[in-house]
Each structure stands twice: as C-alpha cells, then as structure tokens.
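All heavy atoms count here, side chains included; hydrogens, waters and symmetry mates do not.
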Amino acid sequence: MLLRVALLASAYVAVTLAGLASGHDEEPRALHWETVGELTRPRAYARAVALATGEILVVGGLDADDPEVTLYRSELVDPDDGSAVRLPQPLLGRVNHTVTAAWGDRIVVIGGTDFRRDHWAPVDRVEVFIPDSRTWLIGAPLREPRSDHGATALRDGRVLVTGGNQGARLLRTTEIYDPSTNTWTIAAPMPRPRTQFSIATLIDGRVLVAGGFRDDGRITRETLIYDPARDRWTAGPDTIEPRLNHAMVKLPGGDLLFIAGEASASDNAERFDARRREFVPAGRLRSARVVPQAAALEDGRVVLAGGLPFPATVRTFSPVEIVEIWDPRTSTWSTTISAPSARAFGALIATERGLFRVSGSEPDERSALTIERFGR
C-alpha cells in the first residue's frame, strides 16, 4: 500500500497510428493475446519504449520483494521471439522518470525518484542509451531534480522537460536537453506549477501540456502550449474533463486521444483536434478506470488495457481485466479479448509485431514478470 500511494502517477504512451477499421465486440480470430516470454526479473512502474532497431527497451521500475526496491538494470525485449536480455551496465534505480526517443535515435532517461531506505527522493540523473551499440552514457544532470515531470522530443531532436515535483513542492521550471552536445539550456517556465500531466509535440512543432495537478492541489482542465521558436507559453483550450492518471495516444494526422483518469474522467475519452485546437468527446468506456495502458493496432484502433477500477469498491489491489478498443471512424469503445493477466502501472508498446505489454503491478501488487503480446 505504501508503494502504491507513493508512486501513483499517470502512465503516458504516445504512439503514431495509421489506418482505419471498424470496432465490434467480437474481434477477428487472427487477433489474440498470448504470453510470449518473461523479463529477466519482475518489474512494476517501469518505463518502456520501442527502439529504431525494433527492440523494446525497459528501464527502471521496482520489485517490492527486492531488498533495494528499485531496479538498477535495464532490459531489451526482442519482439520476434519475446525473449529478454539484461543489459550489463548499472543505472540509477528509479520510478516516475521519463524515457524519450530523441536525436540520433538515442533514448534519454530523465529524473524520477529513487528509494533511500525510508523515503523517496527526486533525482537529477540523466542517462542516454545508444541502441546500435547497446551502451549507456551518463548525461549532464538536470539543473533541478524532478519527478512526475513531462518530457517530449522537439522536432530538432532536443528534449523539452518541464514541471514535475520535488516531494510536495511542485515545479514550473523548464529545461531543454540537447543529446548531440550533452548540454542543457534554461527555457521559459510554465505560468503555474504542475505535475503528473501529459505532454506531446504537435504537428506544427509546438508542445501541448494537459491534465495533472496544479499547485493548489486540484486536477486541472487548463492546457498550455509552448512555442520553441519564441520560447513562450500560452493558454490552450480547456479539456472537457479534468484528467489525472489517464492515458494519452497520438493519432494519425497529429490529434491526441486522452483516455480515462480520476473522478469524472474515469469512464470516458476525448480527442484533441490539433488543427481546430479544441477538445471533442471520444466515446464512453465500458469500464471506468485510472492508470490504464494504451497503444494502437496496425489497423488504427486504440487498445486500452489494465488500470485500476474507479471508484475502488474493495481494499484489495485488483486491476481491471476488461480490454477495450476505440474505433476512430465512429469514436466508440467496445470490449475485446481479455489479456492473460490484469495489470496497472504497466507499459503497452506498439511494434511491427503487435502490441507488447511489459512491467506492471498485478493483483495483490505483485510485480509482473511475463511479456504479453496482442496482435495477429
């Protein structure tokens, strides 16, 4: 319970989708879930990202049964056979960090919190993974330690980092990391401190920040737009629902789909129309939930899996079993085949071989070991 309360954070997965398809309660027989392998060790709260090599990189997370709690080794998952290998270089064990694909296909791991005997502390650590050589480099540290922050790659390959928190203190500061020179520059701060929000680079190169906590402790509907060319933040359109601990997916053409979350957002979705700069309803879920995992099938439908039921009706940790699919043509949700396990705080990653689910917290808060795939 202590870990769950300390680490509750939104899971963000941004995936480019393509194509259209119809959504029905019965899926084609060729689509199915399967357990394809195991990680080298159980993990919950890890971050994962698809690499240019086709592999999946899994970084950080925790195992409550491990004496050191947080995990210091990263792993590579091969989508072809579901096998995983542990990379030899030790990293800083952490959670609530960000993992961003940036310049030169490098993966930049930024900030987060590590466990220090009896408390969690924000860190300024930056680590950079080079996929071709499977090596890690220690990057220049953040100017401010932070966790639960937002990070997104700009069109020139630099990484914008903003907001987050240092324990109870929320941040509004912004920094930009250049992987080509291993340097940080200070950028304009957000107008107001914010943490646990979604962030994405839009098709015109600007950056959208949406959802999360403000410094007054409220979940916000206010969005912000950052213009890298002018180093300036401006107000964006309000979301339909205030969202926290939700999922976000990038859609074809640059729109964004926001799914579930706390309170009134738990059973619905909304789409940000990037060209019209407005949020529009995107259907009602079959099962209300927080901290779900979301990604996309090759045919363009968005898959929503796991998370925790909202509102919670029992004291046991029981992730949602129902898996749902969003149809982009009708903007409706339908149920599909259940996954082999129920998980929260996991990662669902799109690859050419289908969707892969790694890490997560299973019933009774067991850290997940198996690797699951959904596809043809």
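- Think of Val123 as one node in a network of Ile, Leu, Val, Met, Phe, Trp and Tyr side chains linked at under 4.5 Å; its network also takes in Leu92.
- Sorted by first then second residue, the ring-ring contact (aromatic ring centres under 6.0 Å, His included) pairs that include residues 63-91, not counting sequence neighbours, number zero.
- Under the 30°/60° scheme for interplanar angles, the aromatic rings of Phe345 and Phe317 are found to lie parallel.
- For the salt bridge (Lys or Arg N to Asp or Glu O under 4.0 Å) test, residues two or more places apart in sequence or in another chain that qualify with Arg373 are Glu34.
- Between Gly157 and Pro179, the closest heavy-atom pair is O-CD, 3.6 Å.
- Panel note: side chain Arg221, backbone Thr239; a donor-acceptor pair is recorded below 3.5 Å.
- Clustering of Ile, Leu, Val, Met, Phe, Trp and Tyr by side-chain heavy atoms under 4.5 Å joins Leu71 with none of the others.
- Of all the heavy atoms in Pro309 and Val320, the pair that sits closest is N-CG2, 3.5 Å.
- Between the side chain of Gln89 and the backbone N or O of Trp136, at least one donor-acceptor pair lies under 3.5 Å.
- Nearest heavy atom pair, residue Ala282 against residue Leu257, reads CB-CD1, 3.6 Å.
- With sequence neighbours excluded, the residues satisfying side chain to side chain donor-acceptor pair (under 3.5 Å) with Asp231 are Tyr226.
- Taking Glu127 as the reference, Arg94, Arg125 meet the salt bridge (Lys or Arg N to Asp or Glu O under 4.0 Å) condition, with sequence neighbours excluded.
- Applying the salt bridge (Lys or Arg N to Asp or Glu O under 4.0 Å) test to Glu278 and every residue at least two apart in sequence or in another chain returns Arg276.
- Between the side chains of Glu241 and Ser264, a donor-acceptor pair is found at a separation under 3.5 Å.
- Applying the salt bridge (Lys or Arg N to Asp or Glu O under 4.0 Å) rule to Asp156 yields the partners Arg158; only residues at least two apart in sequence or on another chain are considered.
- Of the possible donor and acceptor atoms, one in the side chain of Arg275 sits under 3.5 Å from a partner among the backbone N and O of Gly253.
- Tracing side-chain contacts under 4.5 Å through hydrophobic residues (I, L, V, M, F, W, Y), one reaches Phe115 starting from Tyr45; they form part of the same cluster.
- A donor-acceptor contact shorter than 3.5 Å is absent between the side chain of Gln166 and the backbone of Ser147.
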Could you pull out all donor-acceptor pairs under 3.5 Å where a side-chain atom in residues 50-60 meets a protein atom, sequence neighbours excluded?
residue, atom, partner, partner atom, Å
Thr53, OG1, Glu55, N, 3.4
Thr53, OG1, Glu55, OE1, 2.8
Glu55, OE2, Arg134, NH2, 2.5

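- Not one N or O on the side chain of Arg43 forms a donor-acceptor pair closer than 3.5 Å with the backbone of Ala368.
- For the pair Arg289 (side chain) and Ile322 (backbone), a donor-acceptor distance under 3.5 Å is present.
- Under the side chain to side chain contact (heavy atoms under 4.5 Å, CB included) rule, Phe197 has a single partner from Leu244, Thr162, Leu224, Thr220, which is Thr162.
- Arg41 and Asp66 are joined by a salt bridge, as a carboxylate oxygen and a charged side-chain nitrogen come within less than 4.0 angstrom of each other.
- Salt-bridge check for Glu75 with Arg86: failed, with every basic side-chain N at 4.0 Å or more from each acidic carboxylate O.
- In terms of heavy atoms, Gly300 sits closest to Pro328 at O-CG, 3.9 Å.
- Every residue two or more places apart in sequence or in another chain that forms a ring pair (Phe, Tyr, Trp, His ring centres under 6.0 Å) with Phe272 is listed here: Phe279.
- Distance alone, capped at 3.5 Å, is enough to place a donor-acceptor pair between the Glu324 side chain and the Ser287 backbone.
- Judged by distance alone, with hydrogens and angles left aside, the side-chain atoms of Asn182 form a donor-acceptor pair with the main-chain N or O of Ala140 at under 3.5 Å.
- When all heavy atoms are compared, the tightest approach of Leu348 to Arg357 is CD1-CB, 3.8 Å.
- With rounding to the nearest 0.5 angstrom, the CG atom of Asp267 is 12.5 Å from the CZ atom of Arg286.
- Salt bridge absent: Asp118 and Arg116 never bring a charged side-chain N and a carboxylate O closer than 4.0 Å.
- Within the structure, salt bridge (charged side-chain N to carboxylate O under 4.0 Å, His left out) contacts touching residues 178-197 (residues at least two apart or in different chains) are Arg192-Asp215, Arg192-Asp216.
- Applying the ring pair (Phe, Tyr, Trp, His ring centres under 6.0 Å) criterion to Trp33, with sequence neighbours excluded, gives Phe374.
- Without hydrogens or angle criteria, Thr351 side chain to Arg353 main chain gives a donor-acceptor distance under 3.5 Å.
- Annotation: the span from Asn245 atom CG to Ser266 atom OG amounts to 11.5 Å, rounded to 0.5 Å.
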